[in-house]
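See structure below.
Everything numeric in this text was worked out from a predicted model, so none of it was measured.
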Amino acid sequence: MSFFNAALLVGYSIPMFAGFVILFASTLLFAFAESYGLLVFARMMQGVGSSCSSVAGMGMLADRFPDDEERGNVMGLALGGLALGVLIGPPFGGVMYEFVGKPSPFLILALLAMIDGMLQLAVLKPGLVKEHQPQGTSLRTLLADPYILIAAGAITFANMSIALLEPTLPIWMMETMGSPKWELGAAFLPASISYLISTNLNGPLTFRIGRWSSTLIGMVMIGVCMCLYPIATTISGLIIPGFGLGFGIGMVDASMMPQMGYLVDMRHVSVYGSVYAIADVAFCVGYAVGPALSGYIIQAIGFPWLVRCIALVNVAFAPLMFFLRNPPVTAVEEGKGILSNSEFYDESYTSEQSNNKSSYYVMVYGERISINWPMGDANCHRSYSSVEVQLLRSGDIDSALVI
């Protein structure tokens with residue numbers, strides 16, 4: 001959770017590169033560790049590195065793409081990359097472990113991580129340059145926002161569904177189907193493919209149909225598909241529920257990740273590190289609590305009722321999405337975000353400087369308008385009337401400046 005503070009101090013690129021270094025080291029440790037203690041330590045390192053990369057990455061996307069529709073599109077693409085990592089992992093690991101050996105999948109992942117690190121050095125050029133941002137909303141305030149909690153809850157329960165299956169489905173398949181090892185990982189392949197399709201499809205689509213409705217449909221779909229798992233008697237019977245499950249989770253993630261940034265724009269200060277730390281924790285809670293409790297629950301009530309319980313949780317939580325249909329705007333301190341009940345709107349912060357121009361954003365009740373000023377900020381730290389806002393929207397900056 002503390003990595004969002006690092007993003008405020010040194011920008012997003014340094015925490016992201018630190019995440020690469022930690023993930024690279026933990027992957028090599030996985031490849032060669034033989035004791036349980038080293039494997040646990042490697043898993044802890046992996047969690048720290050993943051937090052660095054995901055929080056900084058989502059915060060960077062939200063900051064670089066202030067337009068809400070465009071932000072949803074790029075986050076859908078980013079979540080497509082997450083799909084390749086999180087959901088292709090089980091089939092990839094199962095096949096490599098079965099036919100090549102235990103170190104092989106980790107060595108390949110270490111090579112991919114090295115390529116990613118080289119791309120970060122070439123494109124992002126990490127450096128200790130403090131980015132110009134206002135003081136963000138405190139983490140305590142964000143955690144007290146019921147709308148952010150609803151969005152975080154949707155992420156948690158949706159991802160808890162697949163997290164529950166990862167330790168329990170292979171055991172159930174061996175007991176009921178007599179499945180070989182390679183099938184245990186391959187059973188997750190339909191969810192992997194559909195998640196990749198869903199995140200890329202729903203990134204731009206959810207902005208048009210409403211992210212709240214997309215999430216509601218996705219959670220109901222998750223509930224239905226989870227109930228289909230115990231009915232399967234062969235691995236082919238897992239294709240349809242797996243495909244539907246992955247698609248539903250993709251709908252939730254592709255909707256709620258940009259929604260978290262939108263809620264900060266609407267109700268708080270447009271600094272995103274802390275809210276995506278909350279989103280990352282919500283994601284991790286699903287993957288931590290689900291497997292931790294699944295062993296006890298499956299002993300008490302069995303695999304079929306385990307998946308039915310999480311299905312019921314998702315369906316019961318889905319109606320809360322109606323609250324995200326039109327979340328109210330919250331007035332915050334003048335000069336730091338949105339001003340409600342006023343005819344004036346304040347400039348929010350400097351985003352970047354290039355070619356002797358600075359790019360600024362004007363907050364208008366949750367909508368950020370990108371404008372370019374000549375170098376220098378003499379005209380930036382003042383309010384804008386409703387007439388000036390219309391001129392800025394139309395691109396007539398010169399007329400706005402003389403009013």
Side-chain angles (χ1 to χ4, degrees), residues 3 15-57 78-123 126 159 162-175 177-193 195-196 235 238 242 246 280 283-284 286-288 290-292 294-295:
F3 291 110
M16 182 177 290
F17 189 76
F20 146 70
V21 173
I22 298 171
L23 285 172
F24 179 75
S26 66
T27 304
L28 290 178
L29 186 56
F30 269 122
F32 300 108
E34 298 294 337
S35 67
Y36 178 76
L38 283 177
L39 290 173
V40 171
F41 180 70
R43 189 69 180 93
M44 292 172 62
M45 289 180 61
Q46 187 184 53
V48 173
S50 177
S51 296
C52 287
S53 298
S54 60
V55 173
L79 290 170
L82 179 66
L84 294 177
V86 173
L87 295 177
I88 282 184
F92 170 75
V95 171
M96 293 296 291
Y97 181 86
E98 175 78 9
F99 297 106
V100 184
K102 177 243 180 183
S104 57
F106 299 109
L107 293 176
I108 293 175
L109 291 175
L111 176 62
L112 294 175
M114 178 63 71
I115 295 173
D116 174 66
M118 295 172 64
L119 289 174
Q120 288 190 41
L121 287 174
V123 177
N159 286 280
I162 192 71
L164 282 171
L165 290 178
E166 288 185 356
T168 59
L169 181 61
I171 298 173
W172 182 76
M173 289 173 63
M174 288 188 292
E175 292 176 349
M177 302 178 188
S179 301
K181 290 182 180 178
W182 71 269
E183 286 188 357
L184 305 182
F188 293 92
L189 192 58
S192 171
I193 295 173
Y195 185 91
L196 179 62
I235 188 172
L238 299 175
D280 188 64
F283 184 86
C284 293
Y287 271 86
S294 62

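Here CE of Met177 is found 7.5 Å from CD1 of Ile235. Values are rounded to the nearest 0.5 Å. Between Leu109 atom CG and Leu112 atom CG the span is 6.0 Å, to the nearest 0.5 Å.
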Output side-chain donor-acceptor pairs under 3.5 Å for residues 18-39, partner residues at least two apart or in another chain, one line each.
residue: Ser26; atom: OG; partner: Ile22; partner atom: O; Å: 3.3
residue: Ser26; atom: OG; partner: Leu23; partner atom: O; Å: 2.9
residue: Thr27; atom: OG1; partner: Leu23; partner atom: O; Å: 2.7
residue: Ser35; atom: OG; partner: Leu38; partner atom: N; Å: 3.3

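Shown here for Gly286 and Ala163, the closest heavy-atom pair between the two residues is O-CB, 3.4 Å. Between Pro167 and Ile171, the shortest heavy-atom distance links the atoms O-CD1, 3.4 Å. Shortest non-hydrogen contact noted between Cys52 and Pro15 is CB-O, 3.3 Å.
Residue pairs satisfying the side chain to side chain donor-acceptor pair (under 3.5 Å) criterion with at least one member in residues 106-121, sequence neighbours excluded, are listed as follows: Asp116-Gln120.
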message: What verdict does the side chain to side chain contact (heavy atoms under 4.5 Å, CB included) test give for Tyr195 and Ile162, after you've listed the backbone C-alpha separation in whole Å, the side-chain angles of each residue and the deciding distance to 0.1 Å?
response: CA-CA 11 Å; Tyr195 185 91; Ile162 192 71; over 6 Å; no

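Heavy-atom neighbours of Met118 CE from other residues, nucleotides or ligands within 6.0 Å: at or below the threshold of 12.
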